[in-house]
2 protein chains.
Amino acid sequence: MFAFQNPHPNLIAALESGGYRVTAPRRAIANLLEQKQEGFSVEALSDELPSVGRATVYRTIKLFHAAGVVCKLATINGSHMYSLCRNDHHHHHTVCVECGAVEEFRVDAVERLIRQISEDIPGEIVSHHLELYVNCGACPETKGK
Amino acid sequence: MFAFQNPHPNLIAALESGGYRVTAPRRAIANLLEQKQEGFSVEALSDELPSVGRATVYRTIKLFHAAGVVCKLATINGSHMYSLCRNDHHHHHTVCVECGAVEEFRVDAVERLIRQISEDIPGEIVSHHLELYVNCGACPETKGK
DNA sequence: TTAGATGCAAACGGTTTGCAAACCA
DNA sequence: TGGTTTGCAAACCGTTTGCATCTAA
């Protein structure tokens with residue numbers, strides 16, 4: 001049911017196959033991303049990479065997002081964050097409200113449900129957002145309570 | 001299945017019962033809100049009320065949101081907007097991507113589904129977001145196509 | 001060699017804050 | 001009257017842009 005972290009979401013490959021140059025800053029960003037289990041804001045990412053200009057980090061994440069290798073998700077407070085995309089197919093996310101860990105899940109029942117709702121409302125559903133906020137039960141923050 | 005617009009979400013009453021003062025600017029904002037069928041950004045609202053300071057509009061909407069009489073919802077592009085809350089119970093929204101019209105709906109199947117997913121994932125679901133983006137089929141923008 | 005990528009700094013849009021003046025209860 | 005609320009302007013935060021310089025291909 002779940003797609004837990006596939007070990008090699010290849011960001012560099014995504015650049016190459018998109019016809020983009022593989023530069024030192026992009027490599028540094030990709031390396032950092034590949035070891036992240038949690039969701040992150042571009043700002044925080046940029047702080048972790050002082051040698052790369054802020055604008056470049058924003059531009060690169062936007063690139064990865066367009067290529068479909070990172071996904072954008074909403075936080076509980078309405079701002080948004082990104083996470084590595086480990087799953088080719090349409091999927092949804094759980095976000096731990098304590099530690100920020102992001103998991104992907106794909107439940108066909110969600111799509112079925114949306115199709116069903118679609119029959120009951122006027123107009124046509126063109127897209128949807130679904131995010132689940134959890135206490136993952138595995139992070140130090142949760143265990144400490 | 002739907003909770004279509006209840007005619008009298010009383011914003012002023014919400015202020016009173018919260019122990020807040022009923023002032024002229026707040027009354028003006030409430031009046032404007034009560035005739036809105038669509039979602040709105042605070043900025044746009046403020047532009048429609050040039051006699052009220054921008055900061056006051058932000059503060060007042062935050063107040064109404066805290067009181068549960070307006071709800072915050074995500075747009076398709078990641079920014080967020082508000083809409084009058086016509087339904088006391090937990091509900092979800094459809095947002096027309098053409099005209100911005102917001103409808104509330106409450107489908108028990110959604111909650112049932114979430115409970116079911118809950119059994120399959122580690123940890124505990126503490127909250128969720130679900131938004132459906134539609135072509136409402138009734139707005140001039142849609143009809144024009 | 002050269003189109004594409006970078007870093008900087010300035011501009012941006014939406015939102016919040018500090019503060020003195022105005023106002024409701 | 002006194003504590004709230006207001007408006008203004010300045011500050012703020014995350015993000016984007018213009019531009020001259022650098023670099024991967």
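In what follows, chains are A, B, ... by sequence order, proteins preceding strands, each numbered from 1. All figures in this text were calculated on a predicted structure; none of them were measured in a lab.
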Would you mind reading off the distance between [X] atom [atom1] and [N] atom [atom2], rounded to a whole angstrom?
{"X": "B:R26", "N": "C:dA22", "atom1": "CZ", "atom2": "P", "value": "19 Å"}
{"X": "B:R54", "N": "C:dG14", "atom1": "CZ", "atom2": "P", "value": "8 Å"}
{"X": "A:L15", "N": "C:dG4", "atom1": "CG", "atom2": "C1'", "value": "13 Å"}
{"X": "A:R59", "N": "C:dG7", "atom1": "CZ", "atom2": "C1'", "value": "8 Å"}
{"X": "B:R21", "N": "D:dG3", "atom1": "CZ", "atom2": "P", "value": "10 Å"}
{"X": "B:D47", "N": "C:dT15", "atom1": "CG", "atom2": "P", "value": "12 Å"}
{"X": "B:E43", "N": "C:dT16", "atom1": "CD", "atom2": "P", "value": "12 Å"}
{"X": "B:L45", "N": "C:dG14", "atom1": "CG", "atom2": "C1'", "value": "14 Å"}

For this session: Check the angle between the aromatic planes of A:H92 and A:F105 and answer parallel, tilted or perpendicular using the 30° and 60° thresholds.
Result: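 Rings of A:H92 and A:F105: tilted, 30 to 60°.
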[X] side-chain N/O to [N] phosphate OP1/OP2 under 4.0 Å:
{"X": "A:T56", "N": "C:dG7", "answer": "yes"}
{"X": "A:T23", "N": "C:dG4", "answer": "no"}
{"X": "B:Y58", "N": "C:dT15", "answer": "yes"}
{"X": "B:K62", "N": "C:dT16", "answer": "yes"}

Exercise. Is B:Y58 atom OH crowded by more than 12 heavy atoms from other residues, nucleotides or ligands, each under 6.0 Å away?
Worked result: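 Above 12, so yes.
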Exercise. Which residue, B:A55 or B:P25, contacts DNA chain C at a nucleotide closer to its 5' end, judged by nearest heavy atom?
Worked result: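 Result: B:A55.
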For this session: Would you confirm whether B:R106, through its side chain, and B:H89, through its main-chain N or O, come within 3.5 Å as a donor-acceptor pair?
Result: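 It does not hold such a pair.
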Exercise. What's the verdict on salt bridge (charged side-chain N to carboxylate O under 4.0 Å, His left out) for A:E103 and A:R86, showing C-alpha distance, side-chain angles and the deciding distance?
Worked result: CA-CA 9 Å; A:E103 299 288 349; A:R86 303 185 186 87; 5.4 Å; no
Exercise. Hey, do the aromatic rings of B:H128 and A:H129 have their centres closer than 6.0 Å?
Worked result: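 Judged by ring-centre distance (under 6.0 Å), B:H128 and A:H129 do not meet the cut-off.
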Exercise. Base, sugar-phosphate, or nothing for A:S46, non-hydrogen atoms under 4.0 angstrom?
Worked result: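 The answer is nothing, as A:S46 stays clear of every strand by at least 4.0 Å.
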